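Just so it is clear: chains get the letters A, B, ... in the order the sequence lines come, proteins before strands, and each one is counted from 1. Keep in mind that what you see is a predicted model, and the values were worked out from it rather than measured. Values reported hereafter were calculated over all heavy atoms of this structure, with side chains retained and with hydrogens, waters and symmetry mates removed.
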Number of protein chains: 2
Amino acid sequence: MTTELPHTEATEDGYGGAVSQTLARVARLHRLAGGRLLRPTGLCSGQEFLMMALWDAGPVRQSELARALDLDPSTVTLTLRRLEQGGYVIRARDPHDRRVMLVRASEESYALRPKVAEVWGQLEEHILDGLDDAEREAFARILSKVEKNLAPGEEDSPDA
Amino acid sequence: MTTELPHTEATEDGYGGAVSQTLARVARLHRLAGGRLLRPTGLCSGQEFLMMALWDAGPVRQSELARALDLDPSTVTLTLRRLEQGGYVIRARDPHDRRVMLVRASEESYALRPKVAEVWGQLEEHILDGLDDAEREAFARILSKVEKNLAPGEEDSPDA
DNA sequence: ACGCATTAATTGGCTGACCAATGATTGGTC
DNA sequence: GACCAATCATTGGTCAGCCAATTAATGCGT
């Protein structure tokens, strides 16, 4: 028999959280699309954020990257090591504090910078295709609110 | 010196794709929050979609699941194996076609069903907190459009 | 000056998810 | 009936990302 399964869509399913579910699906598709666009640059989905941070800032300690991007330190370590191996990034111990690892974008990596910007532009166009200005504005505004709601560190404690 | 890095926020950064970038961050936070809420049930982020599909449908072939959820077959195989090991799922070869694997939710797993629904509800509330009805409606509508834009399989080919 | 808490980074273990290639099984066609 | 293409699932390899525990280095307090 093998029951018929509806092709995943924004149809009410009796579990509630319709928007949340749609968001989850959109999130996956978005990441996937981004990864595809990013492929030609040699970067993987997720690495672009690290690189963008490094392009915009001088030598940075990893802990600073983890804090700024709200990533787990172990994630930063591993990803940076791979980026280093790919020649995108240069890591060196800070002589003044030998605990810290100072990271900076390699000279060659700057060639990717405009390409990454290009990718973001394409992706933006793709996801917003067919939306009028009002919708785009609304989407941006609402998304920001949602981000604040999900903001890291404000689980329960009303104030720090 | 270790340059100061701005705490990731929806601030223009010279890369364009502001909305897309915000979406990417929201996506990560959303998945993370969902995972946390899901933890008590014993499920991991991502598995809930499989389970929901199985709860709503009888014995299903894996290929059907992959198609319906738009997942890679290998992802389905691995995740289902883990779910099987956890006792959430039962897999058996179809006697009529020994290529296919028929999958169904275990009896005990149905206890999780309301909890998962609960989680979706909580998550929905969390992300939409502080949004008025109009914004919620707009968000849902726009997300659906975005999902269509990202819809799988419509990369280039205008029609099949 | 010694010791202990803090901070930085790393390792190990586990998750979903992808892609590409392989192994079964089936079903058509000649 | 033999062969060959299509289908289903699996394996092997890669990635980001998390958490928990560990090691290294610093700095503060007594």
Atom pair distance, as rounded to whole Å: CG in A:Leu71 and C1' in D:dA16: 9 Å
With DNA chain D as reference, determine whether A:Pro73 or A:Cys44 sits nearer its 5' end, using the nearest nucleotide of each. A:Cys44
Below 4.0 Å: OP1/OP2 of C:dT7 and any side-chain N or O of A:Arg67: no
Any side-chain N or O of A:Arg61 below 4.0 angstrom from OP1/OP2 of C:dA9? no
Side-chain N or O of B:Arg31 versus OP1/OP2 of D:dA16: is the shortest distance under 4.0 Å? no
Just to confirm, is there a sub-4.0 Å distance from OP1 or OP2 of D:dA16 to any side-chain nitrogen or oxygen of A:Arg82? yes
Would you mind pulling out the nucleotide paired to D:dT14, Watson-Crick or G-U wobble, both distances under 3.5 Å? C:dA17
Given B:Arg31, B:Arg36, B:His30, the one that forms side-chain contact (heavy atoms from CB on, under 4.5 Å) with B:Ser45: B:Arg31
Sole candidate of A:Leu83, A:Leu54, A:Thr41 that passes side-chain contact (heavy atoms from CB on, under 4.5 Å) when paired with A:Tyr88: A:Leu83
Name the residue closer to the 5' end of DNA chain C, choosing between A:Leu32 and A:Arg93 according to the nucleotide with the nearest heavy atom. A:Arg93
Examine C:dA17: is either OP1 or OP2 under 4.0 Å from a nitrogen or oxygen in the side chain of B:Thr75? Give yes or no. no
Is any side-chain nitrogen or oxygen of B:Arg36 closer than 4.0 Å to OP1 or OP2 of D:dC19? yes
Check whether any side-chain nitrogen or oxygen of B:Gln47 sits under 4.0 Å from OP1 or OP2 of C:dT15, and answer yes or no. no
Measure the CZ-CG distance between B:Arg82 and B:Leu43 for me, rounded to the nearest 0.5 Å. 13.0 Å
Could you pick out which residue, A:Phe49 or A:His96, lies toward the 5' side of DNA chain D when each is mapped onto its nearest nucleotide? A:Phe49
Please state whether the base of C:dC19 and the side chain of B:Ser74 form at least one donor-acceptor pair under 3.5 Å? yes
Sugar-phosphate, base or nothing in reach of A:Ser63, heavy atoms under 4.0 Å: sugar-phosphate
From A:Lys145 NZ over to A:Ile142 CD1, what is the distance, rounded to the nearest 0.5 angstrom? 8.0 Å
Under 4.0 angstrom, heavy atoms only, what part of the nucleic acid is A:Arg91 near: base, sugar-phosphate, or nothing? sugar-phosphate
Does any N or O donor sit under 3.5 Å from an N or O acceptor when you compare the side chain of B:Arg98 with the base of C:dT25? no
